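As the structure is a computational prediction, the values presented were derived from the model and not from experiment. Below, chains carry the letters A, B, ... as their sequence lines are ordered, and counting in each starts from 1.
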Protein chains: 2
Amino acid sequence: MNKPAPVESRPYHHGDLRRALIEAARRILEADGPAALSLRGVAREAGVSPAAPYHHFKDKGELLDAVAHEGFEALAVALKDAKSKAVDVKDAMASLGVAYVKFAGANPALYRVMSDCSRDKDAMPDHLHDDEDSAYCTVRNTLVQAGLEGATPLDLELATVAAWCAAHGLAEMSGFRQFEGLKKELGGEDAFLRGVLEHLGMFAKVMKG
Amino acid sequence: MNKPAPVESRPYHHGDLRRALIEAARRILEADGPAALSLRGVAREAGVSPAAPYHHFKDKGELLDAVAHEGFEALAVALKDAKSKAVDVKDAMASLGVAYVKFAGANPALYRVMSDCSRDKDAMPDHLHDDEDSAYCTVRNTLVQAGLEGATPLDLELATVAAWCAAHGLAEMSGFRQFEGLKKELGGEDAFLRGVLEHLGMFAKVMKG
DNA sequence: GCGCACATCTGAACGTTGTCAAGATGAACT
DNA sequence: AGTTCATCTTGACAACGTTCAGATGTGCGC
């Protein structure tokens, strides 16, 4: 047997089953959707017995957690990328929002696993919220740079949460067929997304007193 | 046998199994959460055999659709109620948002079934979107009354969608433990919700050019 | 009132799933 | 070499969604 040489203290029998399982899960996810993802199916796809995964994940849920974790990392990358491509600082915020929604649209099954895991734990992943260069901080920093220096820290935090919630809501609803007319009228999905995000202000302006 | 007399052309053997099944499902849902809801369990709770539901619903999914439908009706009632209780027209919009999120918080399992069904069909229920006094129209009308008469119809539509997305996003995320600090700092959940909704404007203001 | 047709419910079955316990297998360390 | 231990397999179990053949009762035409 010529295994690829145990570079780290990880591989044993299979090489790196944990990794293989996560990748098999992502493959099944994008191919057949979240409803078709079974632990047995993942094991089958990875070429091991149905009980093998239990030596790497305590649960089916823990496998999904791992998949979701990778999804959130990819999301953070997509957001950073979008911000770096923004034409100016006023555009950065909208770009972030659009990038968020488009990530969800491009990886619908993955995004669904991500949000399901979050809701099951009543929390977004901590690294996403706490780390210095987390997605959460990226949004907050962008808000500051775009002209919210005057705001109190509390304002800033609330605005960040507001932005995140709006992006998540739009991500889950932007595919609704009832919005097809609006998209056509505006000339595409991007215009629709930007339009909705911009009109959050109009909506918010009529509130409070 | 003294059945409650066939008021309509509905009841046969059981009386009204369809209704009984939906109620059994809602009972299980609120007691044990969405993950514990099985078709067999619902049948058991209703006192019938595991195959009985298939004469009233083609699928487990169709049962959930029916449950979700009732949920959306309850939501619409809650929104109307909140609007009628608003102190002034400027307060109505915020009240609607808070009512939406609090409905989700008060019926978490039901709300989850509702949004899962929506996502599976890539659509919100049509009656919620189209009917004259639907929740969607309630939001739009409120926007008009609160001072958006000048806006174009397109603006109005986009603002309505924006409001809905924001409410949905906040509904799904407001329970996250990462926000507990903010809630405490603001003195309660209501203040947190209102705060986030109001800061949607601050977030939106820094967008576009 | 009788019998027919049909909606409704039951019982048993099939394939699939998540999970577990007991044993086989092979790598690393002594 | 032999021991130890993580890893993987085999086989089993209960629960699930779903289907089908058959029992059961309801309403309708006669």
Side-chain angles (χ1 to χ4, degrees), chain A residues 1-25 28-29 31-68 109 113 116-117 120, chain B residues 1-25 28-29 31-68 109 113 116-117 120:
Chain A
M1 300 283 178
N2 46 355
K3 300 263 176 61
V7 273
E8 254 185 279
S9 62
R10 200 116 285 276
Y12 276 88
H13 279 142
H14 173 281
D16 193 349
L17 221 202
R18 184 188 161 86
R19 184 104 284 277
L21 288 171
I22 296 179
E23 278 164 16
I28 293 176
L29 216 47
D32 304 323
L37 193 149
S38 71
L39 233 199
R40 287 178 108 104
V42 172
R44 218 175 298 135
E45 169 90 13
V48 295
S49 84
Y54 285 88
H55 293 268
H56 299 270
F57 305 98
K58 127 176 171 305
D59 247 351
K60 180 186 182 182
E62 218 172 59
L63 204 216
L64 294 192
D65 278 353
V67 171
V113 169
D116 281 356
C117 283
D120 282 340
Chain B
M1 299 282 177
N2 47 355
K3 300 264 178 58
V7 273
E8 256 185 278
S9 64
R10 200 113 286 277
Y12 278 88
H13 279 143
H14 172 282
D16 193 349
L17 222 201
R18 185 188 158 87
R19 183 105 283 279
L21 288 170
I22 295 180
E23 278 164 16
I28 293 177
L29 215 47
D32 303 323
L37 192 150
S38 71
L39 233 199
R40 288 178 107 105
V42 171
R44 216 176 299 134
E45 169 90 11
V48 294
S49 83
Y54 285 88
H55 293 269
H56 299 270
F57 304 98
K58 126 176 173 308
D59 248 349
K60 181 185 181 183
E62 219 173 58
L63 204 216
L64 294 192
D65 278 354
V67 172
V113 170
D116 280 356
C117 283
D120 281 340

Quick note, salt bridge (Lys or Arg N to Asp or Glu O under 4.0 Å) partners involving residues 46-55 of chain A, not counting sequence neighbours, are none

By side chain to side chain contact (heavy atoms under 4.5 Å, CB included), B:Leu64 pairs with (sequence neighbours left out) B:Leu37, B:Val113, B:Cys117

Its contact letters, B for base, S for sugar-phosphate only and - for none at protein heavy atoms under 4.0 Å, make nucleotides 11-20 of chain D read -B---BBBBB

Closest non-hydrogen contact found for A:Ala25 with A:Val67 is CB-CG2, 3.9 Å

- Message: If the cut-off is 4.0 Å, is A:His56 near the phosphate of D:dA6, judged by side-chain N/O to OP1 or OP2?
- Response: no

Sequence neighbours excluded, the answer for side chain to side chain contact (heavy atoms under 4.5 Å, CB included) partners of B:Asp116 is A:Arg119, B:Arg112, B:Arg119

Whole-Å distance, A:Leu21 CG to D:dT7 P, equals 12 Å

Separation of C:dC9 atom P from B:Phe57 atom CZ, nearest Å, is 11 Å

Contacts satisfying side chain to side chain donor-acceptor pair (under 3.5 Å) that involve residues 40-52 of chain B (not counting sequence neighbours) are B:Arg27-B:Glu45

To the nearest angstrom, the CG-C1' distance between B:Asp16 and C:dC9 comes to 15 Å

Sorted by chain and number, sequence neighbours left out, side chain to side chain contact (heavy atoms under 4.5 Å, CB included) with A:Phe57 holds for A:Arg18, A:Leu21, A:Ile22, A:Glu62, A:Leu63, A:Ala66

